[in-house]
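These notes concern the structure reproduced below.
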Amino acid sequence: MQFSAKVSDICKQRSACAIIAVDSKNRLTASGDALDKAGNGKLSALLKRGDLGKATASTLLIPQLDGGAERVLLVRAGGSSLSQADFRKLANASAKAVTGFKNATSYLAELTVSDADTTWQAQQLALAAGLAGYKFTRCLSDAKPNALANFTVHAADKKQLKAVQVGIDQGSAQALGSNIARELGNLPGNICTPSYLASEAKALAKKHAKLTTTVLDNKKMESLGMGAFMSVAKGSDEPAAMIAMNYKGGKAGQKPIVLVGKGITFDTGGISIKPGMQMDEMKFDMCGAASVFGVMNALVEMNAPVNVVGVVAAAENMPSGRASKPGDIVTSMSGKTIEILNTDAEGRLVLCDALTWAGKFKPSVVIDIATLTGACVIALGNHATGLYANQDKLAEELLAAGENTGDRAWRMPLWDEYHAQLKSNFADLQNIGGREAGSVTAACFLSQFAQGYKWAHLDIAGSAWNSGGAKGATGRPVPLLLQYILNKK
Ligand code: BES
Ligand code: MN
Ligand code: ZN
C-alpha cells in the first residue's frame, strides 16, 4: 500500500472514496462543509434525515455527491472534544470500510483531538489503513487480496502537510512491520519452521547492505553451552536456529538496542503435553520472533538511523524419545543449572540462553518479546501486553510508546518475594513457579539471566493474536517497539 499526504480540494480531488467526519450535532469539518456547499446543502439534508448512526465511529457510505470522489464515507465523531481513543475508533472503522476500494482520501485529520497533534492523527490513520488492508491469502487456492492500494491523508495547508507526512511515515512503517509479523504468525507450523525463519533472516540481509544475519547451528550452540535452548530443540526433528539480524543504521560506536524474540514455531508442550483444545493456536508461539522480524523489516525499509540487533530463538517443542523429561537438569549458557519440572515452560528455556548471548552485542538495552504464559492472558486479557523491566525509565518509555500508538502495555512486578517460587531442591533454579502469579514468576526466571544490562520483557501471550472468529495474529507489539526505537534516535 502506498501512503501519501496531500493538500487537496475535496470538490476536485479524484478518489474512489473520501472519508469525512460528522460530529454528534451533524456538524462537518472544513472539507465536509465545502462539499455540502458545492451540493447546495444536499449533504446536510441527508444528515438531518438521521441515516448515520449516533454511536461514535458509526459509518455510512453514500454515492457521489458533488466532489471529485466516487463515494463519500461519513464517520460519526463524538461531541465537542474527541479523545485519542475515540479518534482511534474512527481511524479503524473508516479504514475497515474502505478496504474494498482501490484508493481513499481521509479528511479526518481536520478533527481536533485532545492532547494530540496532527502528526499523531496522521500516524493513527496510516497505521489503521495499513492494518485494515492486510489479509492472509498465502494458503488459499483462490487468493483475493484487498483492493486498497493508495491511502491519502488530507492536510489543510503546506505547513500541516509536513506534520501529516511525518505521521504517515511513522504509521505506515508500523503497519508494514505489523503486517510482516502477522503474516509470519499466521503461517502454519509445517511451513513456518525454525529453518524457515532462518532463511527469512538471511534473505533480509541479502536485500539490505546495512543488515547482516548470523545463524548458529547445533554445533556452534553446543560449543557455546546453550544447554537450556538445546534441551527444548532436541525433542524435534526440525533443526533449531539461534538467529541474529544486525542492523547498523546509526553511528558506528553507538551501542545497539537488542530485541530478543521467542520463536517456538509450534508448542505441543513436549512430554508435558498440552490438551488438544485449541492446540492449533500454538503455531502463534513464535509471535515474539515475528515481531522482531516486523521491526527489523520496518527499520531497513525506513533506513532508520539506529543500531538494532534482532535475536530470534527458534525451535519446535515436541514430545519424542529424544525430548526432555520432567525432572531433567540442564546447564544454561550462563552456567546456571535448571531443573525442568514442566517441559511446557519451554519459552523461558530458549530465552534464557538467548538473553545470555544478547550480552555479547554490548547492548544499550535488551527487550525480549514472548508469548510466554497463559497466566498473562488471565491477568490482562488481550488488551494489554505484560511489561516487566529492571529499570524504571525504560519501563516508562515503553509504556509511553504503547500509549502513543494504541498498542498498550501494563507494568507488572519483579519483586524478590516472587523469586522464592523458583527455588529447586536439585538445581540452581527450576523452570516453573507454581500456579500463583505465573506470568510474574516466568519473568523473574528470565530476569536472572538478563544480567549486566538494562532489560525489559514483554509478555504478549494475550495481545499477539485473536482467537475465535477473528483468529489471527495482530502484529503487536510492533507499533510499540518501533515507536520506542524511533523516539530514541
Ligand atoms: N506458549 C505457552 C504460553 C501460552 C499459553 C500463550 C496459552 C498463550 C496461550 C507457554 O510455552 C506455556 O505453555 N506456558 C505454560 C507455563 C506453565 C507450564 C508454567 C502456561 O502458561 O501454561
Ligand atoms: Mn509451552
Ligand atoms: Zn510456548
Side-chain angles (χ1 to χ4, degrees), residues 185 189 192 194 197 228-229 231-233 235-236 238 240 260-291 312-319 323-328 338-354 368-386 388 412 418-419 421-424 429-446 457-468 471-474 476-477:
C192 186
L197 291 178
F229 178 80
S231 76
V232 176
S236 171
E238 289 290 343
V260 178
K262 171 179 172 183
I264 298 296
T265 58
F266 197 86
D267 181 12
T268 63
I271 295 299
S272 315
I273 199 159
K274 287 181 179 294
M277 273 271 276
Q278 295 183 355
M279 207 210 270
D280 66 291
E281 296 191 6
M282 283 299 115
K283 72 173 184 177
F284 294 119
D285 211 18
M286 37 59 72
C287 281
S291 75
V312 166
E316 191 181 64
N317 188 23
M318 295 288 277
S324 294
K325 305 167 293 296
D328 284 2
I338 303 163
E339 185 186 14
I340 302 172
L341 286 180
N342 190 318
T343 64
D344 198 11
E346 84 298 339
R348 61 199 81 180
L349 294 174
V350 299
L351 286 173
C352 69
D353 282 345
D368 77 68
I369 309 106
T371 50
L372 203 63
T373 63
C376 189
V377 192
I378 302 300
L380 299 171
N382 59 9
H383 304 293
T385 291
Y388 298 83
M412 308 270 278
Y418 292 105
H419 284 263
Q421 287 172 239
L422 295 169
K423 252 186 66 61
S424 161
L429 72 169
Q430 59 189 39
N431 79 330
I432 55 171
R435 244 167 55 81
E436 293 173 2
S439 176
V440 181
T441 53
C444 286
F445 181 96
L446 294 181
H457 157 60
L458 297 170
D459 193 334
I460 57 167
S463 54
W465 75 90
N466 295 317
S467 303
K471 196 195 289 180
T474 60
R476 293 176 67 185

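A quick note: this is a predicted structure, and the numbers were derived from the prediction, not measured. Only this structure's heavy atoms are used, side chains among them; waters, hydrogens and symmetry mates stay out. Counting starts at 1 for both ligands and their atoms, in listed order.
- Here the straight-line distance linking atom CG of Asp344 with atom CD1 of Ile271 works out to 11.5 Å at 0.5 Å rounding.
- Nearest protein neighbour of atom 1 (N) of ligand 1, counting heavy atoms only, is Asp285 OD1, 2.8 Å.
- Among Thr441, Asn342, Asn431, Thr373, the residue whose heavy atom lies closest to atom 18 (C) of ligand 1 is Asn342.
- With ligand atoms numbered from 1 in the order given, ligand 1 contributes 1 (N), 10 (C), 11 (O) to contacts under 4.0 Å with heavy atoms of Lys262.
- The part of Ile432 lying near ligand 1 is the side chain, judged by heavy-atom distances below 4.0 Å.
- Each of the following atoms of ligand 1 lies closer than 4.0 Å to a heavy atom of Thr371: 1 (N), 2 (C), 3 (C).
- Put simply, Asp267 gets within reach of the Mn ion (ligand 2), with an N, O or S atom under 2.8 Å from it.
- With a 4.0 Å cut-off on non-hydrogen atoms, Met286 does not touch ligand 1 at all.
- Among protein heavy atoms, the minimum distance from atom 8 (C) of ligand 1 is reached at Trp465 CH2, 3.4 Å.
- Close approach of ligand 1 to Ala461 is summarised as follows: ligand atoms under 4.0 Å from at least one heavy atom of the residue are 6 (C), 8 (C).
- Residues Ala228 and Asp353 share a closest heavy-atom pair of N-OD2, 3.0 Å.
- The line from CD of Glu316 to CZ of Phe266 is 8.5 Å long, rounded to the nearest 0.5 Å.
- For atom 16 (C) of ligand 1, the closest heavy atom belonging to the protein is Arg348 NH2, 3.8 Å.
- In this structure, the protein non-hydrogen atom closest to atom 9 (C) of ligand 1 is Met282 CE, 3.7 Å.
- The Zn ion (ligand 3) has an N, O or S atom of Lys262 closer than 2.8 Å.
- We find the CD1-CG distance between Ile340 and Asn431 to be 6.0 Å, quoted to the nearest 0.5 Å.
- Looking only at protein heavy atoms, the nearest one to atom 10 (C) of ligand 1 is Leu372 O, 3.3 Å.
- The name of the N, O or S atom in Glu346 nearest to the Mn ion (ligand 2) is OE1.
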**Request:** Any chance you could lay out the side-chain hydrogen bond (donor to acceptor under 3.5 Å, both in side chains) test for Ser467 and Gln278, step after step, and finish with the verdict?
**Result:** CA-CA 9 Å; Ser467 303; Gln278 295 183 355; 5.0 Å; no
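- A donor atom on one side chain and an acceptor atom on the other are not found under 3.5 Å apart for Thr343 and Asn317.
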**Prompt:** Given Glu281 and Lys471, is the side-chain contact (heavy atoms from CB on, under 4.5 Å) satisfied, shown in steps?
**Reply:** CA-CA 9 Å; Glu281 296 191 6; Lys471 196 195 289 180; 3.9 Å; yes
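- Of all N, O or S atoms in Asp285, the one lying closest to the Zn ion (ligand 3) is OD2.
- Of all atoms in ligand 1, listed by their number and element, those nearer than 4.0 Å to a heavy atom of Lys274 are 12 (C), 13 (O).
- For Asp267, the N, O or S atom closest to the Zn ion (ligand 3) goes by the atom name OD2.
- Counting the atoms of ligand 1 from 1 in the order shown, those under 4.0 Å from a heavy atom of Glu346 are 11 (O).
- Distances from the Zn ion (ligand 3) show that Glu346 has an N/O/S atom below 2.8 Å.
- A side chain to side chain contact (heavy atoms under 4.5 Å, CB included) with Thr441 holds for exactly one of Gln430, His419, Gln421; it is Gln421.
- Of all protein heavy atoms, the one closest to atom 2 (C) of ligand 1 is Asp267 OD2, 3.6 Å.
- What sits closest to atom 15 (C) of ligand 1 on the protein, heavy atoms only, is Asp344 O, 4.0 Å.
- In terms of protein heavy-atom proximity, atom 21 (O) of ligand 1 is closest to Gly374 N, 2.7 Å.
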